[in-house]
Amino acid sequence: MAYWLFKTEPSTFSLEDLKNRPGMTEHWDGVRNYQARNFLRDRIKAGDGVLIYHSSIPEPAVAGIAEVVREGYPDFTALDPESKYFDPKSSPEKPIWYMVDVRYVETLQRAVTLERIKGNPLLAEMPLVKRSRLSIQPVTPEEWQIILSMGRA
DNA sequence: GCCAACGTTGGC
DNA sequence: GCCAACGTTGGC
């Protein structure tokens with residue numbers, strides 16, 4: 001059981017969209033960064049907790065929680081020439097990109113803004129704070145607990 | 001919309 | 001394998 005933070009631009013896909021999903025699961029596709037890919041392919045398991053973070057908005061914030069329901073498998077959008085995530089270097093035999101499936105769990109009462117995260121010294125080691133653009137990041141159990149308590153307060 | 005950070009590409 | 005050019009991310 002591990003914890004993660006997934007970034008998304010709410011104009012593309014938001015926590016609300018995940019909540020309103022029929023069956024409430026979603027392929028987390030379109031990740032095209034090798035470091036993030038490695039987490040998706042090798043480390044993220046069913047049952048892991050996910051903080052859903054909304055980026056590129058006036059107040060970027062952790063909006064809520066999702067759960068991984070299926071571990072890494074090849075991202076089929078990389079093989080679809082019609083997809084904006086198409087990658088001609090990828091093939092069914094040698095898939096380059098991976099995705100996981102997630103389901104909605106909870107919307108935090110109070111979104112935990114980047115400003116509040118930066119203001120908490122206990123969260124200073126998060127990649128988010130260290131200005132990494134990484135879209136899939138590990139979260140420690142301590143960080144997970146702190147952010148949830150900040151979001152529920 | 002700007003721009004710093006940083007990942008990727010490709011010529012050599 | 002180096003590194004300049006280029007593209008993307010994402011906070012502000």
Side-chain angles (χ1 to χ4, degrees), chain A residues 2-21 26-44 48-68 71-102 104-140 142-144 146-153:
Chain A
Y3 300 102
W4 307 95
L5 180 146
F6 289 8
K7 284 187 199 170
T8 182
E9 294 188 25
S11 59
T12 303
F13 188 79
S14 70
L15 184 65
E16 268 307 287
D17 295 331
L18 181 62
K19 184 179 181 179
N20 296 330
R21 205 87 201 154
E26 171 69 17
H27 311 303
W28 203 269
D29 60 21
V31 174
R32 295 293 178 268
N33 166 283
Y34 286 102
Q35 205 180 343
R37 187 281 310 270
N38 292 345
F39 288 132
L40 290 170
R41 188 188 59 187
D42 305 331
R43 301 268 309 278
I44 301 180
D48 284 359
V50 178
L51 299 173
I52 301 296
Y53 177 84
H54 287 165
S55 67
S56 297
I57 51 174
E59 279 211 315
V62 174
I65 306 168
E67 180 189 350
V68 177
E71 67 182 40
Y73 61 105
D75 180 346
F76 50 73
T77 64
L79 305 171
D80 174 7
E82 300 298 308
S83 171
K84 67 170 175 168
Y85 298 121
F86 178 62
D87 181 353
K89 294 195 294 297
S90 188
S91 70
E93 296 75 30
K94 286 195 170 179
I96 299 174
W97 304 112
Y98 283 73
M99 61 186 173
V100 299
D101 289 355
V102 298
Y104 171 85
V105 174
E106 175 183 342
T107 301
L108 292 172
Q109 280 174 18
R110 190 179 165 211
V112 182
T113 61
L114 182 61
E115 189 181 14
R116 290 172 71 207
I117 291 171
K118 283 182 169 174
N120 188 328
L122 296 172
L123 302 177
E125 292 305 309
M126 293 185 74
L128 200 60
V129 176
K130 294 180 140 182
R131 293 227 255 162
S132 165
R133 297 181 305 164
L134 194 57
S135 59
I136 304 281
Q137 313 182 354
V139 173
T140 68
E142 293 76 19
E143 290 160 352
W144 173 269
I146 291 165
I147 287 177
L148 290 207
S149 62
M150 287 167 85
R152 287 165 175 161

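All values reported here derive from a predicted model rather than from experimental measurement. Computation of the quantities below employed the complete heavy-atom set of this structure, encompassing side-chain atoms and omitting hydrogens, waters and symmetry-equivalent molecules. Each chain gets a letter, A, B and so on, in the order the sequences are listed, and its residues count up from 1.
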**Request:** Could you state the atom-to-atom distance from OH of A/Tyr34 to P of C/dT9 in whole Å?
**Result:** 15 Å

**Prompt:** For A/Asn33 and C/dG7, what is the distance between atoms CG and C1' respectively, to the nearest whole Å?
**Reply:** 13 Å

**Message:** Rounded to whole Å, please give me the gap between CG in A/Leu128 and C1' in B/dC6.
**Reply:** 16 Å

**Prompt:** What is the distance from atom CG of A/Leu79 to atom CG of A/Asp87, rounded to the nearest 0.5 Å?
**Reply:** 9.0 Å

**Residues A/Arg37, A/Asp75: salt bridge by 4.0 Å N-O rule** = no

**Prompt:** Does any N or O in the side chain of A/Arg116 come within less than 3.5 Å of the main-chain N or O of A/Ala111, such that one atom is a donor and the other an acceptor?
**Reply:** yes

**Asked** Taking OP1 and OP2 of B/dT9, is either one under 4.0 Å from a side-chain nitrogen or oxygen of A/Lys89?
**Response** yes

**Prompt:** In whole Å, what is the span from the CZ atom of A/Phe6 to the P atom of C/dG10?
**Reply:** 14 Å

**Item:** Under 4.0 angstrom between A/Lys7 side-chain N/O and C/dT9 OP1 or OP2
**Value:** no

**Prompt:** Can you tell me how far C1' of B/dA5 sits from CZ of A/Arg133, to the nearest Å?
**Reply:** 6 Å

**Item:** d(CD, A/Glu115; C1', C/dG11) in whole Å
**Value:** 12 Å

**Donor on one side chain, acceptor on other, A/Asp42 and A/Tyr98, under 3.5 Å** = no

**Asked** Nearest heavy-atom pair of A/Asn33 and A/Trp97: which atoms, and what distance?
**Response** N-CZ3, 3.4 Å

**Asked** How long is the line joining CZ of A/Arg32 and P of B/dT9, in whole Å?
**Response** 12 Å

**Prompt:** Which parts of residues 53-61 of chain A get close to DNA chain C, meaning a heavy atom less than 4.0 angstrom away?
**Reply:** A/Tyr53, A/Ser55, A/Ser56, A/Pro60

**Item:** Presence of A/Lys130 side-chain N/O under 4.0 Å of B/dC6 phosphate oxygens OP1/OP2
**Value:** no

**Request:** Starting at atom CE of A/Met126, determine the distance to atom P of C/dG11, rounded to an integer number of angstrom.
**Result:** 13 Å

**Side chain to side chain, A/His54 and A/Thr8, heavy atoms closer than 4.5 Å** = yes

**Prompt:** Would you say A/Leu148 and A/Ile65 make side-chain contact, with heavy atoms under 4.5 Å?
**Reply:** yes

